[in-house]
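Here's the structure we're looking at; comments come further down.
Atoms within each ligand, like the ligands themselves, are counted from 1 in listed order.
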Amino acid sequence: YSNPTCAPGRNTIVHLFEWKWSDIAQECERFLGPNGFCGVQISPPNENRLVSNRPWWERYQPVSYKLITRSGNEDQLRDMVNRCNKVNVRIYADAVINHMTGVGGSGTGTAGSHWDGDSLSYPGVPFSAWDFNSGSECHSSDMNIHDYNNAEEVRNCRLVSLADLKLSKNYVRDEIAGYMNHLINIGVAGFRVDAAKHMWPGDLRSLFGKLTNLNSGVFGSGVKPFIFQEVIDMGSEPISASEYIGIGRVTNFIFGAKLGQVFRNENKASYLHNWGEAWNMPNSNDVVVFIDNHDNQRGHGGGGGPITHFEPRPYKLATTFMLAHPYGFTRLMSSYNFDRSNTDQGPPHHGDTINDVTINGDQTCGNGWTCEHRWRQMYNMVAFRNVVMGQNLQHWWDNGNYQIAFGRGNKGFIVMNMDSHSLDQTLQTGLPAGTYCDVISGNYDGSSCSGNEIQVGNDGNAHFSIGNTSDNPMIAIHVGAKK
Ligand code: LM2
Ligand code: CA
């Protein structure tokens, strides 16, 4: 389940957090397909609890596996999946399968199903009390998780009082597998598995064993879904991401934390010369990497203080480094603007309806949507990654401090200056001679560069100068943007 199943030549997904299915369908056609994105991580597509003021996190409280949410209904989901697949953009669903709603209270969900968090009754599935972990499995005083040093408690007790599903039970696995197989049948390519740390690796292995192969009409026969498990492992708890490797990929939270330190100038960029496994991270092919996610960008999930779109300069640098470097399968975050003193704030909306994503004349988004993936530096580096994929990192250069450069075979080269003085260097790029567009300062339109040009000589050398006060203190060139 570790193969991302991207269409050929595509290597990065983007989390279109809280987008409507109709907007994602359009985004696949007008932007993600043409710009070489592999796919989209979508918000949970299944029925969720209605919470007053509609915080984003209500979608992490399932009521049933009916495909009706604020993002759209099943017809709209199908239309999105079909239209995205048609332009070679895959859909990865966020699977919230560790739990149902918070306990206590009752109500109806986004598809009209009743739920009762006192008696643990979810007739829309149906699940009832004996499908949840109880005092026989969970031994904490109030059934909640308190001690992250106790693996059994973390997996059998309630995460923030969310009714904890008993995945050791075959019936529960069958209902969840039925939901996931329904999505597979519709044409999704895989899943982000929410709260994987809170489920036993063995239970997940059995559950995934019940999944069907991807829709052969789209993917051909015998292709398994891509599965990446959200395991927050910062290296300090008994539950480690390595327990989940082999079942599928895992989210690498150390990646964003460590790069955050470098691009906030708290740890020298020159140390990145051996970035990857040598930094005590899992193998490249076992991880999904990212700078921030929907939780830690607002202080949820315990991930802590990553660089986000609120700090655009280091965010663009860190993302560019991630996309230029061979380590991991890359995911971009695409956010909506929110008041940082309100970590609950849901997406832009009027009443109960999520607002459309609007597109400005310069390709950026409006209506409250941040669309980091539409920033030129981001999407041009997604293309860079596609061009250099499979090429070794070579010609590393640094000044022993915060200036670094490296190449990817004879396909691409990048130079970054996070120092407090300018960079003026002639460097070996490994690239064929010619005139290249710097894809950070501008675009290549097939014949000319709208930004700066870089000359690579017959010896592969090129001269780079980057001021230290620039908004984008970096230069990236690749053979796909050569005049
Ligand atoms: C995740 N990963 O393991 C998600 O990435 C994260 O966003 C989810 O938490 C979490 N697991 C459960 O799916 C979010 C949010 C929480 C929120 C839950 C449930 O970060 O704050 O908890 O979703 O909606 C909320 C309240 C909490 C309350 C709980 C249950 O914030 O105070 O607990 O609902 O009613 C009493
Ligand atoms: Ca659990």
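Taking 3.0 Å as the threshold, Asn156 does not count as a candidate ligand of the Ca ion (ligand 2), since none of its N, O or S atoms lies below it. Taking backbone and side-chain atoms together, Cys157 has no N/O/S atom less than 3.0 Å away from the Ca ion (ligand 2). Within the coordination shell of the Ca ion (ligand 2), defined by N, O or S atoms under 3.0 Å, Val154 is absent.
Looking at atom 20 (O) of ligand 1, its nearest protein heavy atom turns out to be His300 ND1, 2.6 Å. The single protein non-hydrogen atom nearest to atom 10 (C) of ligand 1 is Leu159 CD2, 4.0 Å, given as residue, atom name and distance. Of all protein heavy atoms, the one closest to atom 14 (C) of ligand 1 is Trp57 CB, 3.7 Å. In this structure, the protein non-hydrogen atom closest to atom 9 (O) of ligand 1 is Tyr60 CB, 4.5 Å. Taking atom 4 (C) of ligand 1 as the reference point, the nearest protein heavy-atom neighbour is Asp194 OD1, 2.9 Å. Ranking protein heavy atoms by distance to atom 5 (O) of ligand 1, first place goes to Asp295 OD2, 2.3 Å.
Of the heavy atoms in Val160, both backbone and side-chain atoms come closer than 4.0 Å to ligand 1. Neither the backbone nor the side chain of His198 has any atom closer than 4.0 Å to an atom of ligand 1 (non-hydrogen atoms only). Looking at Glu230 against ligand 1, only its side chain comes within 4.0 Å, counting heavy atoms. Only side-chain heavy atoms of Arg192 come within less than 4.0 Å of ligand 1; its backbone N, CA, C and O stay farther off. Contact annotation for Ala195 and ligand 1: heavy atoms of both the backbone and the side chain come within less than 4.0 Å of the ligand. At a heavy-atom cutoff of 4.0 Å, ligand 1 is contacted by no atom of Asn98, backbone or side chain. At a heavy-atom cutoff of 4.0 Å, ligand 1 is contacted by the side chain of His294 but not by its backbone. Counting heavy atoms under 4.0 Å from ligand 1, residue Val51 does not touch it at all.
With the Ca ion (ligand 2) as the vertex, OD1 of Asn98 and OD1 of Asp164 span 80° to the nearest 10°.
The side-chain heavy atoms of Ile307 and Thr319, taken from C-beta on, include no pair separated by under 4.5 Å. With contacts defined as side-chain heavy-atom distances shorter than 4.5 Å, the pair Glu372/His15 does not qualify. Using a 4.5 Å cut-off on side-chain heavy atoms (C-beta onward), Asn170 and Lys210 make contact.
Around atom CG of Asp142, more than 12 heavy atoms belonging to other residues, nucleotides or ligands sit under 6.0 Å away. Annotation: Lys169, atom NZ; neighbour count of heavy atoms from other residues, nucleotides and ligands within 6.0 Å is above 12. Few gaps surround CG on Asp118; more than 12 heavy atoms of other groups in view lie less than 6.0 Å from it. Counting heavy atoms of neighbouring residues, nucleotides and ligands inside a 6.0 Å radius, atom CH2 of Trp279 exceeds 12 of them.
Of the N or O atoms in Gln61, one or more lie within a sub-3.5 Å distance of an N or O in ligand 1.
Exactly one residue among Asp94, Leu77, Val81 makes a side chain to side chain contact (heavy atoms under 4.5 Å, CB included) with Ile42. That residue is Leu77. Under the side chain to side chain contact (heavy atoms under 4.5 Å, CB included) rule, Met416 has a single partner from Ile404, Asn472, Ile440, which is Ile404.
If you number the atoms of ligand 1 from 1 as listed, the ones under 4.0 Å from a heavy atom of His99 come out as 12 (C), 13 (O). Which parts of ligand 1 touch Ser161 is read off a 4.0 Å heavy-atom cut-off, strictly below it: atoms 33 (O), 36 (C).
A salt bridge links Lys197 with Glu237; the closest basic N to acidic carboxylate O contact falls under 4.0 Å. Salt-bridge formation is not detected for the pair Arg158/Glu153: no Lys NZ or Arg NE/NH1/NH2 atom is positioned less than 4.0 Å from an Asp or Glu carboxylate oxygen. A salt bridge between Lys166 and Asp164 is absent, with no side-chain N of the basic residue lying under 4.0 Å from a carboxylate O of the acidic one.
Geometrically, Arg340 engages Phe310 in a cation-pi contact defined by less than 6.0 Å to the ring centre and at most 45° from the axis. A cation-pi arrangement is present between Arg298 and Trp56, with the terminal nitrogen or guanidinium carbon under 6.0 Å from the aromatic centre and inside a 45° cone about the axis.
Distance remark: protein heavy atom present below 4.0 angstrom from atom 35 (O) of ligand 1. Within a 4.0 Å radius of atom 7 (O) of ligand 1, the protein has at least one heavy atom.
Closest approach between the Ca ion (ligand 2) and any N/O/S atom of His198 involves O.
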